[in-house]
Amino acid sequence: MTATRASKTSWKQRLSHELAAYGLNVLYLFILFGLFTWYRRLLLAEYEISYLHYGISLIKALVLAKVIMIGDILGLGRRLEDKPLIYPTLYKTAVFGLWVAVFSVFEHMADGWLRGQGPTAGLDELLREGKYKLLAHGLIIFFAFLPFFAARELDRRLGKGRMIELFFRRAS
């Protein structure tokens with residue numbers, strides 16, 4: 001096999017791996033955000049208020065999964081990987097939680113700018129949500145990321161793909 005053909009194969013394999021990882025991230029986040037959407041819908045239904053914003057969960061999952069992948073590319077949370085799994089798991093959960101918070105600030109600033117009101121209008125809107133809603137959002141992200149990064153760290157420690165193999169393939 002020529003060097004060019006080998007590099008094309010590795011490029012295709014990398015792309016396939018990245019798309020699969022992105023898909024799994026989106027699936028996990030979509031299920032999680034979908035559950036919170038249903039929770040909100042059922043709570044509001046008790047007061048006869050309809051809530052039909054199901055598409056938001058998918059959009060949030062698609063964007064947040066990409067934000068996580070960008071953080072991975074930037075090398076966020078790579079410290080403590082040689083320590084017991086609890087340390088890199090908690091560290092990555094906190095680092096990526098902060099990464100998502102920073103992204104959320106920039107997202108609101110861009111939204112204000114796109115509406116022609118300037119970036120500070122977007123920040124004002126974010127702050128108007130109130131400290132309790134922001135705290136609740138931060139807690140949800142943190143505790144959603146905890147099992148997410150625990151599974152990723154376990155897969156990294158076992159060897160890439162080994163966890164999928166253990167869960168979805170028959171034992172010999």
Side-chain angles (χ1 to χ4, degrees), residues 16-74 76-78 80 84-112 114 122-123 125-158 160-170:
S16 174
H17 172 74
E18 290 296 318
L19 287 174
Y22 179 67
L24 283 173
N25 292 350
V26 169
L27 180 64
Y28 174 78
L29 294 168
F30 178 57
I31 289 170
L32 180 82
F33 294 141
L35 287 171
F36 277 105
T37 300
W38 271 97
Y39 176 72
R40 181 180 282 175
R41 180 195 181 282
L42 293 172
L43 280 179
L44 291 173
E46 194 172 309
Y47 299 100
E48 297 179 13
I49 300 171
S50 66
Y51 184 80
L52 302 171
H53 300 285
Y54 299 109
I56 301 280
S57 299
L58 179 59
I59 292 168
K60 276 184 173 180
L62 289 166
V63 170
L64 195 54
K66 193 61 186 167
V67 169
I68 290 169
M69 290 186 80
I70 291 169
D72 277 338
I73 290 168
L74 294 174
L76 295 180
R78 291 254 167 89
L80 308 177
L85 284 178
I86 190 69
Y87 296 113
T89 298
L90 289 173
Y91 182 70
K92 285 184 180 184
T93 299
V95 167
F96 277 85
L98 289 172
W99 173 243
V100 168
V102 167
F103 177 80
S104 182
V105 168
F106 284 124
E107 179 186 26
H108 278 80
M109 288 173 65
D111 185 44
L114 288 173
L123 280 177
E125 182 182 325
L126 177 67
L127 295 174
R128 261 186 275 133
E129 289 181 0
K131 62 183 175 187
Y132 295 117
K133 187 174 179 181
L134 292 174
L135 178 63
H137 184 74
L139 287 171
I140 288 168
I141 291 296
F142 181 82
F143 285 103
F145 278 1
L146 202 54
F148 178 78
F149 284 109
R152 284 179 52 166
E153 284 302 299
L154 187 59
D155 188 51
R156 181 185 60 79
R157 190 70 61 92
L158 290 172
K160 288 281 184 196
R162 180 75 176 120
M163 207 164 78
I164 297 284
E165 204 174 284
L166 288 170
F167 272 97
F168 297 107
R169 298 224 170 81
R170 185 179 294 203

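The two atoms that bring Leu146 and Thr89 nearest to each other are O-CG2, 3.8 Å, heavy atoms only. Residue Val95 comes nearest to Gly77 through the heavy atom pair CG1-N, 3.9 Å, listed as atom of the first residue, atom of the second, then distance. Scanning all heavy atoms of the two residues, the minimum distance from Glu153 to Pro88 falls at OE1-CB, 3.5 Å. Closest heavy-atom contact between Arg78 and Tyr91: N-CE2, 4.5 Å.
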Could you list the donor-acceptor pairs under 3.5 angstrom formed by side chains in residues 61-70, with sequence neighbours left out?
none

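If you take CG on Asn25 and CG on Asp72, they are separated by 8.0 Å, rounding to the nearest 0.5 Å. Rounded to the nearest 0.5 angstrom, Leu139 CG and Leu134 CG are separated by 11.0 Å. Distance check: Arg156 CZ to Lys92 NZ gives 5.5 Å after rounding to the nearest 0.5 Å. Residue Leu85 holds its CG atom at 11.5 Å from CG of Leu80, rounded to the nearest 0.5 Å. Remark: His137 NE2 to Glu129 CD distance equals 8.5 Å, nearest 0.5 Å. If you take CG on Leu35 and CZ on Phe30, they are separated by 10.0 Å, rounding to the nearest 0.5 Å.
In this view, Phe149 and Phe96, Phe145 satisfy the ring pair (Phe, Tyr, Trp, His ring centres under 6.0 Å) rule, not counting sequence neighbours. Glu125 pairs by the side chain to side chain donor-acceptor pair (under 3.5 Å) definition with Arg115, not counting sequence neighbours. Every residue was checked against the side chain to side chain donor-acceptor pair (under 3.5 Å) condition with Arg157, not counting sequence neighbours, and none meets it. With sequence neighbours excluded, no residue forms a salt bridge (Lys or Arg N to Asp or Glu O under 4.0 Å) with Asp155. By the ring pair (Phe, Tyr, Trp, His ring centres under 6.0 Å) test, Phe148 is found to be paired with Tyr28, residues two or more places apart in sequence or in another chain being considered.
With Thr93 contributing its side chain and Phe142 its backbone, the two residues share no donor-acceptor pair below 3.5 Å.
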Practice problem: List the steps, then state whether side-chain contact (heavy atoms from CB on, under 4.5 Å) holds for Ile49 with Leu43. | Solution: CA-CA 9 Å; Ile49 300 171; Leu43 280 179; over 6 Å; no

